[in-house]
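Worksheet: the structure to be examined is printed underneath.
Just so it is clear, the values below take in all heavy atoms, side chains as well, and ignore hydrogens, waters and symmetry mates. Below, chains carry the letters A, B, ... as their sequence lines are ordered, and counting in each starts from 1.
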Protein chains: 2
Amino acid sequence: MSPVAEISILPTKARRATLTAAQAVAAPIDIEVLSKYVNVVQRKLTAGQYLYRAGQPFNALYLVNVGFLKTCLVAEDGREQVTGFRMRGDLVGIESIGAATHECDVVALETSGVWELPYPAILRACAQMPELQERLTWALAAEIRSDRSWKLALNSLSAEQRVAAFLLDLASRHEALGFSPRHFVLRMGRADIGSFLALKHETVTRALTRLAGQGCIDVQWREIRILDMAALDGVIHCEDKAA
Amino acid sequence: MSPVAEISILPTKARRATLTAAQAVAAPIDIEVLSKYVNVVQRKLTAGQYLYRAGQPFNALYLVNVGFLKTCLVAEDGREQVTGFRMRGDLVGIESIGAATHECDVVALETSGVWELPYPAILRACAQMPELQERLTWALAAEIRSDRSWKLALNSLSAEQRVAAFLLDLASRHEALGFSPRHFVLRMGRADIGSFLALKHETVTRALTRLAGQGCIDVQWREIRILDMAALDGVIHCEDKAA
DNA sequence: ACAACATGTAACAGTGTGTAACAGCCGAGC
DNA sequence: GCTCGGCTGTTACACACTGTTACATGTTGT
């Protein structure tokens, strides 16, 4: 695993590569430099634990060190929506800036470690380090672009294509962290994938089964092996159907 | 219409009221104050004209003065996605911050006027006015929250409910500008609404027809009259069906 | 062993889609 | 003036995909 000092404060730069073309490339910010300005507290979470819940006061950002988390938006009537998954290097909580309280739950999907960055301290640090302010702003804008790219994908792709796009997204994020893009483990359940992709868990299962049947991937429980990256990409962009 | 000086630099504060509960309330920033720091250029657009197109270099933000615009994300393969609609007081282009070029098209749906705010000048102004930087950051975060709230809505509501939510959203935005929330004109076509709501234009038509049949609204071409606001809201939250 | 949970499979139903035809509006052109 | 063609919106109908329901299997924790 890459050393702590190399972690970018930006949400995975390469993440959107599979969805959008151009993407700003930013130099990583050293967390050790940041810790000279901000009192960085480490927090550890076990699977199922909440980093924070909707309604709790917003007073810190979090930078994921290790592990895997999901962010969930919950409506008053109980409807639930997974809005994203966060892994090493991702910033958590930036969407709550300017709000008094958090709007979503953040749950660890496996044992995870995050750095807690008190927001008032971050604000002070931003005043001293214009680059930090800039990176934070960039991270917010990139988050908007990412969300919109996914919206385009979800609204125009079939269930199978969405799942393929999801796997490719995960693959590129793993690769950006120095892991193999062709072999990884899904830390979330089918239902969570479905919520994020606007599908039911049975449909996710069906899509995975079909993709495996086409020889694109190999699925063993939550363990994914991408056998044919190009074919998987082709599922999204080509109309194999009678087009 | 309210004087120029009262325009908020934040995207309509009340916009998300129909979707999310808590929302930061910000004091408006005076565009006249801003014009002392930034060389504000006025731009006029007629219906169908582009404010900017995907691929063009990003070098300015825009604040809508009058009119109505849509933002469209276009994939390489031609798939198109309306990501939002912008009206008086809304900021346009903030999602491109940190990127070299814009990712989406912005099209005027009627004769519109915007203030062009050159980004380098905005950056300099932010250095002098911390509140401006703060408001910009808040606007970005609020945009993320808005997008996610819509994602929750689109993924959990039926076609009819989505259209109802869309109308209520427009109503509250009109109200925030001092217009009647119960009587307004849709500046966009059914296809644009459909794209935004992840529906086809025929489905939008059907939903409007059914809502009108229930007595919630009156539809005359693009002219909408909300007859029963509570009933319209009930369509979203209640299960009229056999639940 | 048992309950609780996640996943896989299958049959069926339903919502929204795709196609098509038609009506109304508008601008271009004669 | 007039018609024509294009665009938008409406409605109808058959179909496909996904959602729903149900059940079987496998895993985990008590």
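Protein atom CG of Leu199(B) is 16 Å distant from nucleotide atom C1' of dG9(D), rounded to whole Å. When the P atom of dA16(D) is taken as reference, atom CD of Glu160(A) falls 17 Å away, rounded to whole Å. Atom-to-atom, CZ of Arg222(B) to C1' of dC26(C) comes out at 13 Å; the value is rounded to the nearest Å. Whole-Å rounding puts the Ile193(A) CD1 to dA6(C) C1' distance at 12 Å. As rounded to whole Å, 12 Å separates atom C1' of dC23(D) from atom CD of Glu202(A). One interatomic measurement links the two molecules: CD of Gln220(A) to P of dG8(C), which rounds to 10 Å at whole-angstrom precision.
Distances were taken from every side-chain heavy atom of Lys200(B) (C-beta onward) to each of dG8(C), dG16(C), dT17(C); the shortest belongs to dT17(C). Closest contact between the side chain of Arg190(B) and the listed nucleotides dT18(D), dG8(C), dG9(D) involves dG9(D). When distances run from any side-chain atom of Thr205(A) to the nucleotides dT11(D), dT17(C), dG8(C), the shortest one goes to dG8(C).
In this structure, Phe196(A) has its ring center closer than 6.0 angstrom to the ring center of Phe85(A).
Between the side chain of Asp90(A) and the backbone N or O of Met87(A), at least one donor-acceptor pair lies under 3.5 Å. At least one donor-acceptor pair closer than 3.5 Å links the side chain of Ser149(B) to the backbone N or O of Arg145(B).
For Thr209(A), no side-chain nitrogen or oxygen approaches OP1 or OP2 of dG8(C) to under 4.0 Å. Residue Thr203(A) places at least one side-chain N or O under 4.0 Å from the OP1 or OP2 atom of dG19(D).
Remark: the Glu223(B) side chain and the His183(B) side chain contain an N/O donor-acceptor pair separated by less than 3.5 Å.
Judged by closest nucleotide on DNA chain D, His201(A) is the one of Trp221(A) and His201(A) placed further toward the 5' end.
Smallest separation of non-hydrogen atoms from Glu80(A) and Cys72(A): OE2-SG, 3.8 Å.
Within 4.0 Å (heavy atoms only), Ala198(A) reaches sugar-phosphate atoms of the nucleic acid but no base atom.
Side-chain to base pairing of Arg206(A) with dG19(D): one donor and one acceptor N or O lie within less than 3.5 Å of each other.
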